[in-house]
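A quick write-up on the structure given underneath.
Keep in mind that the numbers below use all heavy atoms, side chains included, and drop hydrogens, waters and symmetry copies.
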Amino acid sequence: MMANSPAYAIIGRGVWAAKMRSILESEQRQVICIAQARREAAESEKSYADRLAASLIESRAQIVWLCVPPGPHVTCMMNDGIRVGMDVIAEKPRLCSPAETEALGAEAQGKGIRLGVHFEYCLLDEIQMWRERFQG
């Protein structure tokens with residue numbers, strides 16, 4: 001692991017989470033995977049948020065990367081990342097409303113936290129074709 005490089009907590013357990021883990025580890029980054037990030041059927045929204053926040057704290061990471069399908073859970077995950085003091089990267093599409101986006105941005109800015117949206121996967125096949133076509 002690179003000295004002084006941030007650790008990443010990846011939330012997700014699918015193909016994209018595995019891909020991001022592989023990429024980050026190839027860059028000598030510490031990666032902690034949080035696979036149990038779905039809300040349980042009988043779990044209240046507050047209990048879910050508290051459980052997720054506890055997992056983020058336990059990870060000791062500085063950045064949380066949300067590799068989950070779009071949905072209302074993304075807002076909760078972003079909010080938990082902000083709440084525990086982590087920078088947050090969400091995969092695109094991020095389907096938060098403008099009001100939710102503004103509130104998340106204001107909360108993050110007030111705490112000096114960075115929020116980002118990663119969208120490379122939308123072009124992944126094209127990027128690979130560009131590399132092969134224009135290599136060198």
Side-chain angles (χ1 to χ4, degrees):
M1 302 301 141
M2 294 180 70
N4 300 323
S5 66
Y8 292 79
I10 293 180
I11 296 180
R13 59 181 179 190
V15 172
W16 195 249
K19 179 79 169 170
M20 291 315 306
R21 179 182 190 166
S22 173
I23 290 168
L24 290 167
E25 287 177 341
S26 75
E27 294 295 323
Q28 307 302 309
R29 301 297 193 250
Q30 181 182 357
V31 179
I32 299 93
C33 291
I34 301 173
Q36 298 299 327
R38 289 184 186 221
R39 184 174 170 187
E40 302 294 330
E43 195 171 32
S44 73
E45 191 170 327
K46 181 179 181 344
S47 293
Y48 169 64
D50 289 346
R51 177 174 59 83
L52 188 57
S55 293
L56 292 173
I57 291 167
E58 185 178 314
S59 77
R60 297 180 178 256
Q62 292 77 42
I63 301 169
V64 60
W65 199 308
L66 308 180
C67 296
V68 296
H73 54 281
V74 173
T75 301
C76 178
M77 291 174 174
M78 291 184 79
N79 192 49
D80 278 351
I82 295 166
R83 180 166 56 134
V84 303
M86 298 171 80
D87 293 332
V88 180
I89 301 170
E91 290 294 333
K92 183 179 185 256
R94 193 180 71 72
L95 304 177
C96 299
S97 72
E100 290 170 320
T101 299
E102 189 174 312
L104 288 167
E107 182 72 18
Q109 187 174 23
K111 292 185 173 186
I113 291 171
R114 294 173 288 185
L115 302 177
V117 177
H118 181 251
F119 58 89
E120 180 179 340
Y121 80 93
C122 293
L123 300 172
L124 204 51
D125 291 338
E126 287 82 0
I127 288 172
Q128 188 57 40
M129 287 188 312
W130 293 339
R131 282 188 190 134
E132 291 170 5
R133 187 171 175 195
F134 298 111
Q135 186 79 22

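- Shown here are the salt bridge (charged side-chain N to carboxylate O under 4.0 Å, His left out) partners of R51, two or more places apart in sequence or in another chain: E43.
- Identified under the salt bridge (charged side-chain N to carboxylate O under 4.0 Å, His left out) test for residues 69-79, with sequence neighbours left out: none.
- In terms of heavy-atom proximity, S55 sits nearest to I34 at O-CD1, 3.9 Å.
- Y48 contributes a side-chain N or O that, together with a main-chain N or O of A37, makes up a donor-acceptor pair within less than 3.5 Å.
- To the nearest 0.5 angstrom, C67 atom SG is 11.5 Å from R21 atom CZ.
- Shown here are the side-chain contact (heavy atoms from CB on, under 4.5 Å) partners of S22, two or more places apart in sequence or in another chain: there are none.
- Pairs passing the salt bridge (charged side-chain N to carboxylate O under 4.0 Å, His left out) check and including a residue from residues 98-110, sequence neighbours excluded, read E107-K111.
- In plain terms, the two heavy atoms of I32 and A7 that are nearest each other are CD1-CB, 4.2 Å.
- I57 pairs by the side-chain contact (heavy atoms from CB on, under 4.5 Å) definition with V84, not counting sequence neighbours.
- Sorted by first and then second residue, the salt bridge (charged side-chain N to carboxylate O under 4.0 Å, His left out) pairs with a member in residues 66-81 read D80-R83; sequence neighbours excluded.
- The side chain to side chain contact (heavy atoms under 4.5 Å, CB included) test with V88 is passed by exactly one of V74, L56, L66: L66.
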Full working for side chain to side chain contact (heavy atoms under 4.5 Å, CB included) between I11 and L52: CA-CA 10 Å; I11 296 180; L52 188 57; 3.9 Å; yes
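- The environment of CD in E45 is sparse: at most 12 heavy-atom neighbours from other residues, nucleotides or ligands sit within 6.0 Å.
- With hydrogens and angles ignored, the 3.5 Å screen pairs no side-chain donor or acceptor of D87 with any backbone N or O of I63.
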